[in-house]
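Dumping the structure here so I can ask a few things about it.
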Amino acid sequence: MRLFGPYKTAIALVIFFTLLMSAISALTPMLSSALVDYVFTNRQLDIFLALGLCYFLAPVILQVLAVFQSSTNVLVTVLFISELRSMIYRHLLGLSLRFFNVNSAGKVVNRVMEDTATLTGIFNTSFTTTLSDTVIAVVAIVATFAINWRLALILCVAVAIFVVNYRLSIKRIIRFTKLMRREDDVLTGGVQNRMSASIAVKTFGTEERENAVFHEHNLSSLGFNWTRDLANNHFWMNVTIISALSQAILYFCGCAMVLKGQMTYGQVMAFNLYSMQLIWPAVRFSQLAGRLQEGKVALTRLFEYLAVEPEITECDHPVSCRKLQGKVDFEDVHFHYEESVPIIQGLTLHVKPGESVAFIGTTGCGKSTMLNLLTRFYDVTGGSIKLDGTDIRDYNLKDLHRQFGIVLQESYIFSLSVKENIRYGRPHATDEEVVAAAQAAEIHDFVMTLPKGYDTPIGADGMALSVGQKQRINIARAICADPAIMIMDEATSSLDSDSEAAIQRGMERLLRSRTSFVVAHRLSTIRNSSQIVLIDKGKILEHGTHDQLMALENGRYRDLYTKHMGKGVLDDA
């Protein structure tokens, strides 16, 4: 409701137009009754022209008012849905990595776009229809009882049957709508996941299997859709039958009363028109109730996301900072995703400004988790991490994140130009700084061969790049951001030797004079690190420089390095 606040004037205008239209619609049956009883029956021709003029002007005025009402209502709806989408998007951007680890991108997109589209269709008509039908229905009830209370009671019974039909049908419609939406989430998420993993699908020749999985979920979604539509069809079949029968009964009962002298034919016409103004709002209420239930499902799914609280929040008085020196202290750090499964257990490590630290260890030992804790994508469950002597939980989040430049194994390229990709983390960087970053990452020469140079669109909507080219643009982006601390997580693991050599040179320039943390599966790339930290089951097993660790008798690092290089220890010293 807060989102509707800025549009109070427009909403008041819609309500005014709607009430005016309802009043004109409510007068139409009285005009018909007057024409029959006073003009055609009693031959009062002096009022014929006035009644005829009102009869013909009413639909014209209604149509003009409807244009203003509809245009204003659509404008309010579009602005409301736009703000709702923006609010949800802002909220999603503030959620932790844990949320996105358990919710696929396809599922999130489906909810943000499809469910809000459902609301758009409902809000475009439901508000004005409900208000208009409510006013008309109240007038119709009063008018029918004023004309003939016996027929009005029959009319009330017909309306009650509409309500019973709705109550019996709507539960099935809601249940199958929820199941259909849930299956659509699975279907959309699966398509997004498989499309992004298309190389793996083609590599292993699993097209038929993936097609079968898609076909299964697609049939399931269609099945729920068909079942929901079937329930809707049954509902509407009952509505149509009840409406037709009730109108027929009321008309013939009214005609019988005319024959007995209990009503005039003009009153029967007016009653019949008013009964339609009550029955059809009841029909529309039933239809609207079904659509509102779909809207309720959509809103519930959207507010499930809005109800998710960000795990990472700022303290009451966060510390602002610009560029820090890069001194990092891990103090007895503990962390777990699940209560009974510890990932990091009492890890302590001190890093001086400008030092390079390499984390090594088996998959799942906690290397990447340490980096996620350092950047505060997750919070420690015990101990603390300090940056320049201040607990990272005390820093302003935006300021903290600006201290880091991150290059991951997977290259993230946006559907923007080369220039915009490189200065993504620092939008106000000059063209000269962008070029300098590209040169340091050894991607400048390639960019100059592109049709529009640095203004060439790349990514999904532009030119396709190789894995190595994407990674070098990622490194250029990190250089351009000019961070205090660099994080390289398996940045060269998926590259060929030539690309790795070029990127390794770019990384050396990038890491120069900066504190850096590197996770690498090729030990040859980390031997010059200031500190090498071997992690096992969330604990530091060995810690020191390359020479110090190689000097350890029966050392785990020494054993790994010897096997990795395929040569003796003395040759590597």
Original post:
Under 3.5 Å, is there a donor-acceptor pair between the side chain of Ser220 and the main chain of Glu216?
Top reply: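 Not a single qualifying donor-acceptor pair exists.
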**OP:** Apply salt bridge (Lys or Arg N to Asp or Glu O under 4.0 Å) to Glu314 and Arg393, showing your working.
**Re:** CA-CA 7 Å; Glu314 291 181 350; Arg393 290 170 290 192; over 6 Å; no
Original post:
If you round to the nearest 0.5 Å, how far is CG of Leu534 from SG of Cys365?
Top reply: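 Nearest 0.5 Å value for the SG-CG distance: 7.5 Å.
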**OP:** Indicate yes or no for a side-chain donor-acceptor contact from Ser417 to the backbone of Asp455 under 3.5 Å, with no hydrogens or angles considered.
**Re:**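 Answer holds: no.
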**OP:** Please check if the side chain of His334 supplies one atom and the backbone of Asp332 the other of a donor-acceptor pair under 3.5 Å.
**Re:**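 Yes; at least one donor-acceptor contact below 3.5 Å.
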Subject >> Over 12 non-hydrogen atoms of neighbours within 6.0 angstrom of CD in Gln325 >> reply: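 No, not enclosed.
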**OP:** Assess the pair Tyr378 and His336: is the distance between their ring centroids shorter than 6.0 Å?
**Re:**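 No; His336 has its ring centre 6.0 Å or more from that of Tyr378.
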Subject >> Pair Arg426-Asp482, salt bridge (Lys or Arg N to Asp or Glu O under 4.0 Å): steps then yes or no >> reply: CA-CA 8 Å; Arg426 190 167 152 232; Asp482 192 28; 5.7 Å; no
**OP:** Output every pair passing side-chain hydrogen bond (donor to acceptor under 3.5 Å, both in side chains) with a member in residues 6-15, not counting sequence neighbours, ordered by first then second residue.
**Re:**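 Qualifying pairs, neighbours excluded: none.
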Subject >> Short side-chain to backbone donor-acceptor contact, His444 and Ala436, under 3.5 Å >> reply: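 Checked: no pair found.
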Original post:
How long is the span from the CD1 atom in Ile406 to the CG atom in Asn474, to the nearest 0.5 Å?
Top reply: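 So the gap between those two atoms works out to 11.0 Å.
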Original post:
Within the side chain of Arg423, is there an N or O that forms a donor-acceptor pair under 3.5 Å with the backbone of Ala429?
Top reply: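 It does hold such a pair.
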Subject >> Short side-chain to backbone donor-acceptor contact, Gln345 and Lys537, under 3.5 Å >> reply: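 Yes, because the side chain of Gln345 sits within donor-acceptor range (under 3.5 Å) of the backbone of Lys537.
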Original post:
Under 30°, 30 to 60°, or over 60°: which ring-plane class applies to Tyr424 and Phe414, parallel, tilted or perpendicular?
Top reply: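 Rings of Tyr424 and Phe414: parallel, under 30°.
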Original post:
Can you tell me if CD on Glu304 sees more than 12 non-hydrogen neighbours from other groups inside 6.0 Å?
Top reply: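 Above 12, so yes.
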Original post:
Using 4.0 Å as the upper bound for N to carboxylate O, is an ion pair formed by Lys386 and Glu331?
Top reply: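 Salt bridge: no.
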**OP:** Measure the CD1-CE distance between Ile526 and Met488 for me, rounded to the nearest 0.5 Å.
**Re:**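 Reported to 0.5 Å precision, the distance equals 13.5 Å.
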**OP:** Please round to the nearest 0.5 Å and tell me the distance separating atom CD of Glu420 and atom CD1 of Ile458.
**Re:**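 Here the interatomic distance stands at 10.0 Å.
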Original post:
Within 45° of the six-membered ring axis of Tyr305 and under 6.0 Å from that ring's centre, is NZ or CZ of Arg111 located there?
Top reply: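 Satisfied, under 6.0 Å and within 45°.
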Original post:
Under the 3.5 angstrom rule, does the side chain of Lys367 hit a backbone N or O of Thr362 as a donor-acceptor pair?
Top reply: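 Indeed, once roles are kept as given, a pair shorter than 3.5 Å links the two residues.
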Original post:
Any luck finding a side-chain donor-acceptor pair between Gln69 and Thr18 under 3.5 Å?
Top reply: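 A donor-acceptor contact under 3.5 Å links the two side chains.
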Original post:
Would you call the rings of His401 and Phe377 parallel, tilted or perpendicular if under 30° counts as parallel and over 60° as perpendicular?
Top reply: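 Rings of His401 and Phe377: tilted, as their planes differ by 30° to 60°.
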